[in-house]
Chemist: 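My structure is below; once you've seen it, I'll send some questions.
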Amino acid sequence: EIQMVNLFALGLSGMMKFPQNSGNGKLALESLKKGIEACSEMGIPSVFIPCVFSGRIENEFDMDTVASYLKYADPIAKEHGVNLLFESFMGYDKTMQLYEKAGYCFKLCYDSLNPIKYGFGDAVQELRQYEKSMIHTIHIKDCANDFQSAELIGKGRGKFNEIAEVIIDIGYTGWIVNENNYFRGELAKHRDPQDMIRYDLETFRNTFQN
């Protein structure tokens, strides 16, 4: 089962921070339209738009411009029966500001490590703030003290046990995706990535067995 199409290059490039009538803006509009149409044609239920790294929303102009692209994509997604999913390097307050500006048209792919790693929030608190219906997917990963190197789920700085407790407490039953990076750092040099994946899968099963 393919969960979603990730328009990662679109979100990573920062094209959605340019006005829609610019060269980059026209490419962004086309990417959104084609991404949604591709989901529809392949029977994939969601298209994912991450505004991260070069696409990070940094000011009010970025906020308004990104909101305009989401509002453009909304009727196309509705016409094709496709969910709009969104992720950014913003905390709860700014995310809700964008949510309002965009006409409440998207649901979240919430990454549990990014708020800690990039210093814009704390997943343990934020997951309790969002309406459960607004969260479509939760990405979970862990890391060593350098925030770069791989670490088994629950063994690093990702606050997995605290986050898992919140997920269970709020009654979230949507997608939980293992987004761990098994190819970086010392651990990756000494352990088979497939072995680490199996270990983390067992951790997920034991934690979310109900």
Chemist: Is there a side-chain contact between Tyr69 and Gln20 (heavy atoms, below 4.5 Å)?
Modeler: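 Counting from C-beta outward, Tyr69 and Gln20 do come under 4.5 Å.
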Chemist: Please enumerate all residues that pass side-chain contact (heavy atoms from CB on, under 4.5 Å) together with Gln194, with sequence neighbours excluded.
Modeler: Asp192, Ile197, Arg198
Chemist: If every non-hydrogen atom of Ile167 is compared with every non-hydrogen atom of Phe208, which pair is closest and at what distance?
Modeler: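 For Ile167 and Phe208, the tightest heavy-atom pair comes out as CG2-CE2, 3.9 Å.
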Chemist: Membership question, hydrophobic clusters at under 4.5 Å side-chain separation (ILVMFWY): are Leu108 and Phe8 in the same one?
Modeler: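 No; tracing contacts between hydrophobic side chains, which count when under 4.5 Å, never links both residues.
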Chemist: Sort and list the pairs that fulfil salt bridge (charged side-chain N to carboxylate O under 4.0 Å, His left out) and have at least one residue in residues 85-102, not counting sequence neighbours.
Modeler: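 Listed once each, the pairs are Asp64-Lys101.
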Chemist: Hey, is Lys17 close enough to Glu58 for a salt bridge, meaning N to O under 4.0 Å?
Modeler: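 Looking at Glu58 together with Lys17, the answer is yes, because their closest N to O distance falls below 4.0 Å.
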Chemist: For residues Arg157 and Phe147, determine if any side-chain heavy atom of one lies less than 4.5 Å from a side-chain heavy atom of the other.
Modeler: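 The answer is yes, as the side chains (C-beta and beyond) meet within the 4.5 Å cut-off.
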Chemist: Shortest non-hydrogen contact from Gly25 to Ser22?
Modeler: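 Looking at all heavy atoms of both residues, the closest pair is N-OG, 3.0 Å.
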Chemist: Quick check: does any side chain N or O of Asn180 sit under 3.5 Å from a backbone N or O of Tyr182, one acting as donor and the other as acceptor?
Modeler: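 Answer holds: no.
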Chemist: Would you mind reporting whether Ile140 and Asn178 have side-chain heavy atoms less than 4.5 Å apart?
Modeler: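 They are not in contact (no side-chain heavy atoms under 4.5 Å apart), so the answer is no.
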Chemist: Looking at Thr65, is its backbone amide N or carbonyl O close enough to the side chain of Ser68 to form a donor-acceptor pair, meaning the two atoms are under 3.5 Å apart?
Modeler: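 Indeed, once roles are kept as given, a pair shorter than 3.5 Å links the two residues.
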Chemist: Over 60° means perpendicular and under 30° means parallel, so classify the ring planes of Phe89 and Tyr118, tilted if in between.
Modeler: parallel
Chemist: Could you tell me which non-hydrogen atom of Asp122 sits nearest to which non-hydrogen atom of Pro115, and how far apart they are?
Modeler: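 Where Asp122 meets Pro115 most closely, the heavy atoms are N-CB, 3.9 Å.
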Chemist: With a 4.5 Å heavy-atom cut-off, do Phe160 and Phe204 have their side chains touching?
Modeler: yes
Chemist: Show the nearest heavy-atom pair for residues Asn83 and Ser46, with the distance to one decimal.
Modeler: ND2-OG, 3.2 Å
Chemist: Do the side chains of Glu30 and Lys26 get close enough for a salt bridge, i.e. N-O under 4.0 angstrom?
Modeler: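 Looking at Glu30 and Lys26, the cut-off is not met.
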Chemist: Hey, is the main chain of Ala150 close enough, under 3.5 Å, to the side chain of Asn181 for a donor-acceptor pair?
Modeler: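 No; judged by distance alone, with no hydrogens or angles, the pair does not exist.
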Chemist: Charged N to carboxylate O below 4.0 Å: is that the case for Lys159 and Glu162?
Modeler: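 A salt bridge is absent here (no side-chain N lies under 4.0 Å from a carboxylate O).
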Chemist: Answer yes when Arg128 and Asp169 have at least one side-chain N-carboxylate O distance shorter than 4.0 Å, and no when they do not.
Modeler: yes
Chemist: Provide the closest heavy-atom pair for Gly185 versus Ser149 in the form atom of the first, atom of the second, distance.
Modeler: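 The pair with the smallest heavy-atom distance is CA-OG, 3.5 Å.
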Chemist: Is there a side-chain contact between Cys51 and Val66, using heavy atoms and a 4.5 Å cut-off?
Modeler: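 Sidechains of Val66 and Cys51: in contact.
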Chemist: Considering all heavy atoms of both residues, which atom of Ser54 and which atom of Leu12 are nearest to each other, and what is their separation?
Modeler: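 In terms of heavy atoms, the two residues are closest at CB-O, 2.9 Å.
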Chemist: Answer yes or no: is there a side-chain heavy-atom contact under 4.5 Å between Met196 and Leu187?
Modeler: yes
Chemist: Could you see if Ile138 belongs to whatever hydrophobic cluster contains Tyr92? Use Ile, Leu, Val, Met, Phe, Trp, Tyr and a side-chain cutoff under 4.5 Å.
Modeler: yes
Chemist: Does the side chain of Asp111 reach to within under 4.5 Å of the side chain of Lys141, using non-hydrogen atoms?
Modeler: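 Counting from C-beta outward, Asp111 and Lys141 do come under 4.5 Å.
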Chemist: Using a 4.5 Å cut-off on heavy atoms from C-beta on, say whether the side chain of Leu127 contacts that of Ile135.
Modeler: yes
